[in-house]
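Positions are given from 1, in the same order as the sequence printed here.
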Amino acid sequence: MMGGTVDVKSEPGAGSTFWIELPTEIMPEEPNRVASINAIPAQHAVQHSVLYIEDNPANLKLVIQLLGRRKHIQLLTAHTSELGIALAVSHHPDLILLDINMPGMDGYQVLEVLKADASLKNIPVIAVTANAMTRDIERGRTAGFTEYLTKPLDIVKFYALLDKLLSRNTTVL
Ligand code: MN
């Protein structure tokens with residue numbers, strides 16, 4: 001179908017060579033195809049936005065990598081609580097990931113600010129923390145976190161939770 005050939009040379013006891021040959025003339029068609037894909041406006045490609053508030057660069061880097069594989073998610077990051085609240089106010093993300101242990105305002109205090117804002121209080125907020133004790137998880141649920149993820153992140157659980165909460169958001173649209 002591509003105008004090329006597939007061939008094989010085999011010698012008993014010595015080995016085999018398999019190869020394909022494709023004419024290079026068809027290559028100029030490729031840039032056009034790629035250009036038409038890129039021409040789709042960005043707002044159609046990005047369907048969801050997630051804000052991650054986290055002071056630890058290693059954790060930020062990991063989540064940037066994980067969400068980089070989800071092309072429909074735009075990730076906003078904040079390395080301080082104050083910046084995180086400012087981004088939540090200005091961008092109204094679909095989901096917020098919030099580190100509990102932050103210098104200055106901690107995650108509970110940030111959550112309190114978010115829940116006190118009528119335009120932000122319905123955004124699901126996931127606590128992300130190394131405090132994996134049952135008591136801590138209960139405190140998190142009581143405080144109003146939608147879910148509680150412990151570090152180190154369980155990647156399968158992370159994706160599943162994200163998909164679940166964001167698909168809930170899609171049905172509203
Ligand atoms: Mn932290």
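- Put simply, the side chain of Asn59 reaches to within 4.5 Å of the side chain of Tyr52, judged on heavy atoms.
- Nearest heavy atom pair, residue His48 against residue Asp94, reads CA-OD2, 3.1 Å.
- In this structure, Arg70 is positioned above the aromatic face of Tyr159, its NZ or CZ under 6.0 Å from the six-membered ring centre and within 45° of the axis.
- Between Gly107 and Leu98, the shortest heavy-atom contact is O-CD2, 3.4 Å.
- Residues Leu62 and Val156 are members of separate hydrophobic clusters, defined by side-chain heavy-atom contacts under 4.5 angstrom among Ile, Leu, Val, Met, Phe, Trp and Tyr.
- Atom CZ of Phe158 and atom CG of Leu153 lie 6.0 Å apart (nearest 0.5 Å).
- Put simply, the side chain of Ile53 reaches to within 4.5 Å of the side chain of Val110, judged on heavy atoms.
- From Leu120, atom CG reaches atom CD1 of Ile96 across 6.5 Å, with rounding to the nearest 0.5 Å.
- Here CG of Leu111 is found 8.5 Å from OG1 of Thr146. Values are rounded to the nearest 0.5 Å.
- For the atom pair Ile85 CD1 and Thr80 OG1, the distance stands at 8.5 Å (nearest 0.5 Å).
- Cluster membership check: Leu75 shares its hydrophobic cluster with Leu165, using side-chain heavy-atom separations under 4.5 Å among Ile, Leu, Val, Met, Phe, Trp and Tyr.
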side-chain contact (heavy atoms from CB on, under 4.5 Å) between Ile73 and Leu162, intermediate numbers included: CA-CA 10 Å; Ile73 296 175; Leu162 215 69; 3.8 Å; yes

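- Annotation for Leu51 and Gly84: closest pair CD2-O, 3.4 Å, computed over non-hydrogen atoms.
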Applying side-chain contact (heavy atoms from CB on, under 4.5 Å) to Met105 and Glu82, what does each step give before you reach the verdict? CA-CA 8 Å; Met105 288 176 82; Glu82 291 76 10; 3.9 Å; yes

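- Closest non-hydrogen pair, Pro93 versus Leu87, comes out as CD-O, 4.4 Å.
- Among pairs with a residue in residues 104-117, those fulfilling side-chain hydrogen bond (donor to acceptor under 3.5 Å, both in side chains) read Asp117-Ser119, at least two apart in sequence or across chains.
- In summary, Lys157 and Glu147 do not engage in a salt bridge, as defined by a charged side-chain N under 4.0 Å from a carboxylate O.
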I would like to know whether Val128 and Tyr148 meet side-chain contact (heavy atoms from CB on, under 4.5 Å); could you show each step before the answer? CA-CA 6 Å; Val128 185; Tyr148 207 95; over 6 Å; no

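- For Gln65, the CD atom is densely surrounded, since the number of other residues' heavy atoms within 6.0 Å is greater than 12.
- Rounded to the nearest 0.5 angstrom, Lys61 NZ and Asn56 CG are separated by 11.5 Å.
- Here the closest non-hydrogen pair linking Phe145 and Ile126 is CD2-C, 4.0 Å.
- If you chain together hydrophobic residues whose side chains sit under 4.5 Å apart, Leu83 and Val63 never meet in one group.
- Side-chain contact check for Val8 versus Thr17: every heavy-atom pair is 4.5 Å or farther apart.
- Side-chain contact between Thr5 and Ile20: absent, with no pair of heavy atoms (C-beta onward) separated by less than 4.5 Å.
- With respect to Leu114, the side chain to side chain contact (heavy atoms under 4.5 Å, CB included) criterion is satisfied by exactly one of Val89, Val125, Ile123: Val125.
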I would like to know whether Leu76 and Val50 meet side-chain contact (heavy atoms from CB on, under 4.5 Å); could you show each step before the answer? CA-CA 6 Å; Leu76 302 162; Val50 171; over 6 Å; no

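- How far CG of Leu166 is from OG of Ser49: 8.5 Å, rounded to the nearest 0.5 Å.
- Closest approach of Pro103 and Asp55 over heavy atoms only: CD-OD2, 3.5 Å.
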